[in-house]
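Note that the structure is predicted; figures quoted are calculated from it, not measured.
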Amino acid sequence: PDRAIEELKRFLETNPKDLEGLVKLGHAYVQKERYEEAMAVLEHAVAINRNYAPAYFYAGRAEFGRQRRKAEAVEKRQAAGEKVVREEDKPDWTNAVVAFTNARDRDPENIHYREYLARALTESGRKRDLTSALEQYDTVIAAYRKADRGGPKVQPSAEVYYSRGLLASKLGRPRDEVLKNFQDAL
């Protein structure tokens with residue numbers, strides 16, 4: 001990604017409003033975990049075209065990465081014996097949820113947008129968000145089944161079934177439902 005970043009930056013010097021170039025640069029920054037730089041580029045892309053779903057998706061990925069980093073830092077501090085964590089140090093998944101929701105709303109058929117939305121909703125931990133995450137996973141799994149019946153080709157992800165199983169268990173869903181998800185993950 002380092003070389004791609006430099007090439008894309010050069011390209012964008014002469015094409016500063018190229019949405020695809022901006023999103024690719026944002027994606028490259030996300031891959032390098034340079035989340036703040038990714039957000040700046042992707043916010044610029046959204047300002048150019050508020051209906052461009054990939055810009056929202058990669059902004060969500062950048063925000064998700066940023067909050068995941070915060071969560072890991074909190075976990076590390078707690079493992080070291082720290083009892084009190086300041087509120088501003090805790091992860092807040094709201095912006096990631098909003099970005100993924102915007103991507104999903106602009107391209108409802110894109111199951112990757114729904115999968116990442118489900119992940120961010122799950123991370124928030126709020127009961128209503130967990131229920132919404134389950135609904136997103138159900139939509140993704142329905143797309144897998146549709147593909148099995150001759151619909152658009154979609155590569156099923158074991159992680160989706162596994163994550164849905166964990167979530168269903170957490171929400172107290174029936175044992176058979178939870179076990180089916182884990183079986184499907186295998």
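In His112, the NE2 atom is not crowded: 12 or fewer heavy atoms of neighbouring residues, nucleotides or ligands sit closer than 6.0 Å.
Note on residues 91-107: pairs passing side chain to side chain donor-acceptor pair (under 3.5 Å), not counting sequence neighbours, are Asp92-Thr94, Asn102-Arg106.
Every salt bridge (Lys or Arg N to Asp or Glu O under 4.0 Å) that Arg77 has, sequence neighbours left out, goes to Glu82, Asp89. Shown here are the salt bridge (Lys or Arg N to Asp or Glu O under 4.0 Å) partners of Lys90, two or more places apart in sequence or in another chain: Glu87. Not a single ring pair (Phe, Tyr, Trp, His ring centres under 6.0 Å) links Tyr137 to another residue, sequence neighbours left out.
The ring of Tyr113 has its center no closer than 6.0 angstrom to the ring center of Phe100. For an aromatic pair to be called close, the ring centres must be under 6.0 Å apart, and Tyr35 with Phe64 fails this.
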**Asked** Run the salt bridge (Lys or Arg N to Asp or Glu O under 4.0 Å) check on Glu6 and Arg3 step by step: do they pass?
**Response** CA-CA 5 Å; Glu6 294 311 314; Arg3 185 169 171 205; over 6 Å; no
**Request:** Show your reasoning for whether ring pair (Phe, Tyr, Trp, His ring centres under 6.0 Å) applies to Tyr29 and Tyr58.
**Result:** CA-CA 10 Å; Tyr29 281 139; Tyr58 286 107; over 10 Å; no
**Message:** Does Glu72 form a salt bridge (Lys or Arg N to Asp or Glu O under 4.0 Å) with Lys76? I'd like the steps, not just the answer.
**Reply:** CA-CA 6 Å; Glu72 289 166 1; Lys76 187 182 258 186; over 6 Å; no
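Under a 3.5 Å cut-off, the side chain of Thr14 and the backbone N or O of Phe11 do form a donor-acceptor pair. Remark: the backbone N or O of Glu33 is paired with a side-chain donor or acceptor of Arg69 at under 3.5 angstrom. Proximity of a side-chain donor or acceptor of Lys70 to a complementary backbone N or O of Glu88 within less than 3.5 Å is detected.
Contact check on Glu13 versus Arg10 returns no salt bridge, with no Lys/Arg side-chain nitrogen under 4.0 Å from an Asp/Glu carboxylate oxygen. In this structure, Arg119 pairs ionically with Glu159, as a charged nitrogen and a carboxylate oxygen lie closer than 4.0 Å. Arg68 and Glu123 are joined by a salt bridge, as a carboxylate oxygen and a charged side-chain nitrogen come within less than 4.0 angstrom of each other.
Nearest heavy atoms, Gly21 versus Leu12: O-CD1, 3.9 Å.
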Validation: residues 177-184 side-chain donor-acceptor distances under 3.5 Å, sequence neighbours left out:
residue, atom, partner, partner atom, Å
Glu177, OE1, Arg173, NE, 3.4
Glu177, OE2, Arg164, NH1, 2.9
Glu177, OE2, Arg164, NH2, 2.8
Lys180, NZ, Asp184, OD1, 3.0
Lys180, NZ, Asp184, OD2, 2.9
Asn181, OD1, Arg164, NH1, 2.8

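The hydrophobic cluster of Val98 has no other members, since no ILVMFWY side-chain heavy atom comes under 4.5 Å of it.
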